[in-house]
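Notes for the one structure printed next.
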Amino acid sequence: MSPSMTAAASALFVFFWASGFISAKYGFPFAEPFTFLCLRFLVAIVLLTTICFIWRAEWPKTSRELGHVAFAGLLVQATYLIGVWYGIWLGVDTGVVALIVGMQPILTGILSGVILGENVTKIGWVGLLLGFVGLSLVVSEKVNIAGTQGLGVLFCIIGLVGITIGTLYQKKYCGAVDTRSAVLVQNIASFSLILPLAFLFETREVVWEKEFWFALLWSSVALSVVAIALYFVLVQRGAAVKVTSMIYLSPPTTAIMGWAIFGETMSAIALLGFVTTVVGVALAARG
């Protein structure tokens, strides 16, 4: 990918990834989390299957390669989404969730040297820390720990660990796989894991309002297809820390979406955090 294509893919990834909280806000009143995620993966599977056959995507060549792709998907998608969505469902404030999962770039920086041999430079660490400071400023006025349950926080931490380890695993073992078929395999694996959870722990009742349809279709297409495909491509072609540092930009982007869609206010502290985050991500990319 050329630098301009990489920049465009990165910008699109941040936009779609940030919209996850917006779709959750629309969808949560109408379906339980596991039920919603099952429907989300099912729609994505139908769409991706069509894409793979029309574009004649290449499939994993060996069962070992297939296993690597599926396992990475279970960590990056299923474990992450179970952790974050169920954490929010259990009452964890979205600001707290953003702070927990916002530790991913730092955790990736710590582990990438050992697992991938990608060592972060001093300027890179300054960028990672600045990015987290900026993220903290953006969500500072929305952090509310009142009523937060330890179990919900534990689920969020599980989601953080899942996407971090999954990203490093995907970078190490899934570098030569066709993105289209790989994302399809990962959605099928995630659906296969979450479906039994929906039957075991939920009523599976859905209120089919227009807001739910919007949330379902947006999260299926924009997140489980487009965002995950962009993430897969960027991880394949770039340093893991550089890619994950862009996730710092998700809360500021979500804040802008909340201002545009729901009329939410943006304080001076949030704007300062936005600028700090951008500077941090730029430094992390250089380092």
Side-chain angles (χ1 to χ4, degrees), residues 1-20 68-69 72-73 75-77 79-80 84 98-139 159-177 179 182-183 186 223 226-254 273-287:
M1 293 173 64
S2 65
S4 59
M5 288 182 63
T6 301
S10 301
L12 286 173
F13 165 72
V14 170
F15 171 78
F16 287 117
W17 195 264
S19 69
H68 284 318
V69 172
L75 291 172
V76 171
Q77 291 208 63
T79 305
Y80 172 73
V84 170
L99 285 177
I100 293 173
V101 299
M103 293 295 294
Q104 184 197 349
I106 294 175
L107 187 57
T108 303
I110 293 171
L111 297 176
S112 62
V114 178
I115 298 176
L116 301 177
E118 296 178 357
N119 295 310
V120 183
T121 64
K122 290 181 180 179
I123 194 171
W125 278 115
V126 171
L128 291 177
L129 294 175
L130 266 182
F132 186 75
V133 170
L135 181 151
S136 302
L137 290 173
V138 170
V139 303
L160 165 64
V161 173
I163 193 171
T164 303
I165 301 299
T167 298
L168 296 170
Y169 188 93
Q170 184 164 295
K171 173 70 175 176
K172 190 175 180 69
Y173 294 108
C174 306
V177 183
T179 301
V183 175
Q186 292 187 343
L223 293 167
V226 179
I228 290 297
L230 288 170
Y231 190 70
F232 197 103
V233 170
L234 290 168
V235 169
Q236 276 183 322
R237 290 162 171 75
V241 175
K242 182 186 294 187
V243 175
T244 56
S245 68
M246 292 188 299
I247 292 176
Y248 281 146
L249 297 172
S250 292
T253 307
T254 302
F274 188 94
V275 174
T276 306
T277 302
V278 171
V279 173
V281 172
L283 292 175
R286 288 183 60 190

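No experiment lies behind these values; they were computed from the predicted model shown.
- Side chain of Ser112 to main chain of Glu118: a donor-acceptor pair is present (N/O by atom type, distance under 3.5 Å, no hydrogens or angles).
- For the atom pair Phe15 CZ and Ser250 OG, the distance stands at 11.5 Å (nearest 0.5 Å).
- Within the 4.5 Å cutoff, the side chain of His68 has no heavy atoms near those of the Lys172 side chain.
- Considering CG of Leu160 and OG1 of Thr108, their distance stands at 8.0 Å, rounded to 0.5 Å.
- Without hydrogens or angle criteria, Gln236 side chain to Val177 main chain gives a donor-acceptor distance under 3.5 Å.
- Summarising the geometry, atom CG belonging to Leu75 is positioned 10.0 Å from atom CD1 belonging to Ile163; distances are rounded to the nearest 0.5 Å.
- In this structure, the side chain of Ser19 engages the main chain of Phe16 through a donor-acceptor pair within 3.5 Å.
- In this structure, CE in Met103 is found 12.0 Å from OG1 in Thr244, a value given to the nearest 0.5 Å.
- Annotation: Phe132 is not in aromatic contact with Trp125 [ring centroid separation under 6.0 Å not met].
- A pairwise comparison of heavy atoms in Ser245 and Leu128 identifies CB-CD2, 4.1 Å as the closest pair.
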Show me the donor-acceptor pairs within less than 3.5 Å that the side chains of residues 227-234 make with the rest of the protein, sequence neighbours left out.
{"unit_1": "Tyr231", "atom_1": "OH", "unit_2": "Gln104", "atom_2": "NE2", "d": "3.2"}
{"unit_1": "Tyr231", "atom_1": "OH", "unit_2": "Thr167", "atom_2": "OG1", "d": "2.5"}

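- Using modelled atom types, no side-chain atom of Lys171 and backbone atom of Ala240 make a donor-acceptor pair closer than 3.5 Å.
- Here the side chains of Val76 and Tyr80 are not in contact, with every heavy-atom distance at 4.5 Å or above.
- Side-chain contact between Gln170 and Gln186 is present, with at least one heavy-atom pair separated by less than 4.5 Å.
- Residues Pro105 and Val241 have side chains not in contact (no heavy-atom distance under 4.5 Å, counting atoms from C-beta outward).
- Between the CG atom of Leu135 and the OG1 atom of Thr277 there is a distance of 6.0 Å, given to the nearest 0.5 Å.
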Walk me through whether Leu111 and Ile165 qualify under side chain to side chain contact (heavy atoms under 4.5 Å, CB included).
CA-CA 9 Å; Leu111 297 176; Ile165 301 299; 3.8 Å; yes
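- Going from atom OG1 of Thr276 over to atom CG of Leu130 covers 7.0 Å, rounded to the nearest 0.5 Å.
- Contact between Val114 and Ile110 at its shortest, heavy atoms only, is CG2-O, 4.4 Å.
- A pairwise comparison of heavy atoms in Gly166 and Ala72 identifies O-CB, 4.3 Å as the closest pair.
- The minimum heavy-atom distance between Leu99 and Ser136, with the atom names listed, is CD2-OG, 3.5 Å.
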Checking Trp17 against Tyr248 for the ring pair (Phe, Tyr, Trp, His ring centres under 6.0 Å) test, could you report, in this order, the C-alpha distance in whole Å, the side-chain angles of both residues, the deciding distance, and whether it holds?
CA-CA 11 Å; Trp17 195 264; Tyr248 281 146; over 10 Å; no
